[in-house]
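First the structure, in the form of structure tokens, and then the observations on it.
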Amino acid sequence: MATESTLRFGAQTDEMTSLLRIVNMVRTGEAMTRPEIGRVTGLGRGVVTQRVDHAIELGYLEDGEFGPSSGGRAPRTLRFRGERGIIAVCALGALHIHVGIAALDGDILDQTHREWDIARGPAETLDAAMGMIDELLSRGPKAPVWGVAVGIPGPVDFETGRPVAPPIMPGWNGFDLRRRFEQHYEAPVWVDNDVNLLALGERARRRDENPDLIYCKVGSGIGAGLLSHGRIHRGANGAAGDIGHVRVRESDAPCRCGKVGCLEAVAGGWALVRDAEAAIAGGATGSLAQASHDGQGPRPETIARAAENGDALAIGLIQRSARDVGEAIAALVNMFNPGVIVIGGAVAAAGELFLAEVRQRVYELSLPLATRDLSIVQSVDDVREPLRGGADLVREQLFDLTFPRWFAEGRPSIAATHAVAPALSA
Ligand SMILES: [Zn+2]
């Protein structure tokens with residue numbers, strides 16, 4: 001991965017290119033000793049020694065244990081000094097804040113969450129989120145923050161880090177989230193849609209660098225993150241994958257976005273809650289209705305659970321949602337040809353009941369070639385994955401994309417990471 005990005009800075013010296021490549025090889029485990037580095041890169045022994053010494057001097061690598069011997073003297077392994085920096089991740093949901101801190105190797109070191117209504121607006125929400133991160137930092141390892149990832153449940157202009165007309169986030173439109181975090185942490189910040197973080201988390205979990213994957217979250221709202229050969233496909237403005245607002249046939253249900261007939265308005269968690277309440281008011285019976293009469297109105301996760309437990313009303317709602325979601329995904333499958341579709345979110349937590357319907361619709365409506373090797377699976381851990389995905393987003397931005405711009409400073413700076421790329425290649 002490093003070679004591709006460093007090559008873009010072709011005018012830089014070969015020396016820098018090979019130095020960054022070596023740091024990244026050790027960082028990712030591609031090569032761990034000087035002889036291995038020599039074999040993989042084809043560089044001579046003297047050059048490898050020189051580059052490694054330079055990387056050690058800059059603080060990126062250090063000598064570790066002695067590796068296995070292949071006859072002669074055992075070579076020393078090298079290790080990437082991942083403890084020198086911390087990655088902070090803030091995953092904002094419609095009704096919760098989830099934050100974590102990670103080491104530079106992507107391991108989540110600590111995390112915490114709380115319930116929170118994102119409609120309280122950016123000032124109050126970000127104060128709360130940063131307070132939670134600060135708490136984790138104060139009890140965690142003493143290292144500077146090298147990068148921050150922020151996920152929000154709405155469309156984001158990735159270049160500027162600003163939300164764009166997010167339907168469920170009143171007061172957030174155009175808010176400069178990046179600057180707010182940058183000022184507080186004095187580190188580079190990337191803001192992305194929460195489903196993109198989920199897709200990146202899935203990539204990290206699979207240890208597959210290049211999947212063609214769609215992560216579809218069916219929670220209160222509906223969205224999808226697209227990985228094209230391992231890279232997030234954000235589209236021209238960051239709106240790619242926003243399938244919650246594609247039009248569903250024969251529906252004129254009003255949507256939160258102001259239009260009518262959106263997928264979300266018939267199949268999203270909030271729509272299921274609306275329909276469950278209407279059915280209960282109309283005399284529907286069962287466990288969902290009983291809970292409602294006892295003062296616990298339906299929520300997306302309680303509908304999913306009731307469906308799993310055989311409640312007829314809930315099963316009907318979940319299956320209808322899955323059919324509509326399956327139809328929208330089928331269109332994506334024909335166009336995008338993913339190898340894997342991961343379905344997550346509170347509604348999809350109904351499990352096989354939901355998944356079976358989605359599969360059936362997708363196979364019915366997609367081209368045979370597009371579904372020949374397609375697998376459709378349930379997400380593993382919606383709660384932890386955005387943290388992992390956020391840490392991976394920062395790692396990718398730091399080490400695969402912007403490394404040449406800041407490596408000489410020894411740690412990433414806001415100015416270097418967000419500088420325009422051609423400044424270095426000129
Ligand atoms: Zn809509």
Side-chain angles (χ1 to χ4, degrees), residues 92-96 117-119 121-122 151-158 162-175 191-199 214-226 233-278 298-301 303-304 317-336 341 343-348 354 357-358 361-362 365 382:
L92 300 174
L95 294 172
H96 68 259
D117 187 349
I118 200 159
I152 64 165
V156 178
D157 178 350
F158 186 71
R162 294 167 191 257
V164 182
I168 59 164
M169 299 168 66
W172 289 77
N173 185 30
F175 187 86
V191 185
D192 208 340
N193 183 271
D194 60 347
V195 196
N196 286 347
L197 297 193
L198 285 167
I214 295 177
Y215 193 113
C216 183
K217 182 180 173 189
V218 188
S220 194
I222 299 176
L226 314 179
H233 176 78
R234 296 190 175 86
N237 302 96
D242 207 350
I243 62 165
H245 304 279
V246 300
R247 186 77 197 250
V248 174
R249 279 177 307 153
E250 291 159 15
S251 165
D252 54 6
C255 184
R256 303 186 291 189
C257 70
K259 302 190 190 306
V260 296
C262 295
L263 175 63
E264 215 181 86
V266 293
W270 65 268
L272 300 193
V273 168
R274 175 199 64 205
D275 292 350
E277 282 169 346
R299 288 179 317 181
E301 52 274 25
I303 295 173
L317 290 168
I318 291 290
Q319 286 183 327
R320 193 199 65 202
S321 165
R323 272 197 300 277
D324 289 334
V325 168
E327 202 161 309
I329 288 180
L332 271 181
V333 165
N334 284 333
M335 204 175 68
F336 192 70
I341 295 173
I343 313 268
V347 173
F354 192 91
E357 272 317 310
V358 171
R361 286 310 271 163
V362 169
L365 299 172
D382 292 348

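Ligands are counted one by one from 1 in listed order, and the atoms in each one are counted from 1 as well.
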Q) How would you list, by chain and number, every residue that makes a salt bridge (charged side-chain N to carboxylate O under 4.0 Å, His left out) with Asp324, sequence neighbours excluded? A) none
(Q) Assess the residue pair Ile329 and Ile214 against the criterion (side chain to side chain contact (heavy atoms under 4.5 Å, CB included)); give the C-alpha distance rounded to whole Å, side-chain angles, the decisive distance to 0.1 Å, and a yes or no. (A) CA-CA 9 Å; Ile329 288 180; Ile214 295 177; 5.5 Å; no
Q: May I ask you to decide if Ile118's main-chain N or O and Trp172's side chain share a donor-acceptor pair within less than 3.5 Å?
A: yes
Q) What residues, two or more places apart in sequence or in another chain, satisfy salt bridge (charged side-chain N to carboxylate O under 4.0 Å, His left out) together with Arg274? A) none
Please list every donor-acceptor pair under 3.5 Å in which a side-chain atom of residues 253-270 meets a protein atom from a residue at least two apart or in another chain.
from   : atom 1 : to     : atom 2 : distance (Å)
Arg256 : NE     : Glu264 : OE1    : 3.0
Arg256 : NH2    : Glu264 : OE1    : 2.7
Glu264 : OE1    : Trp270 : NE1    : 3.0
Glu264 : OE2    : Ile222 : N      : 3.3
Glu264 : OE2    : His245 : NE2    : 3.4

Q.
So Ile303 and Val347, do their side chains get closer than 4.5 Å, heavy atoms only?
A. no
Q. So how many protein N, O or S atoms does the Zn ion (ligand 1) have within less than 2.8 Å?
A. 4
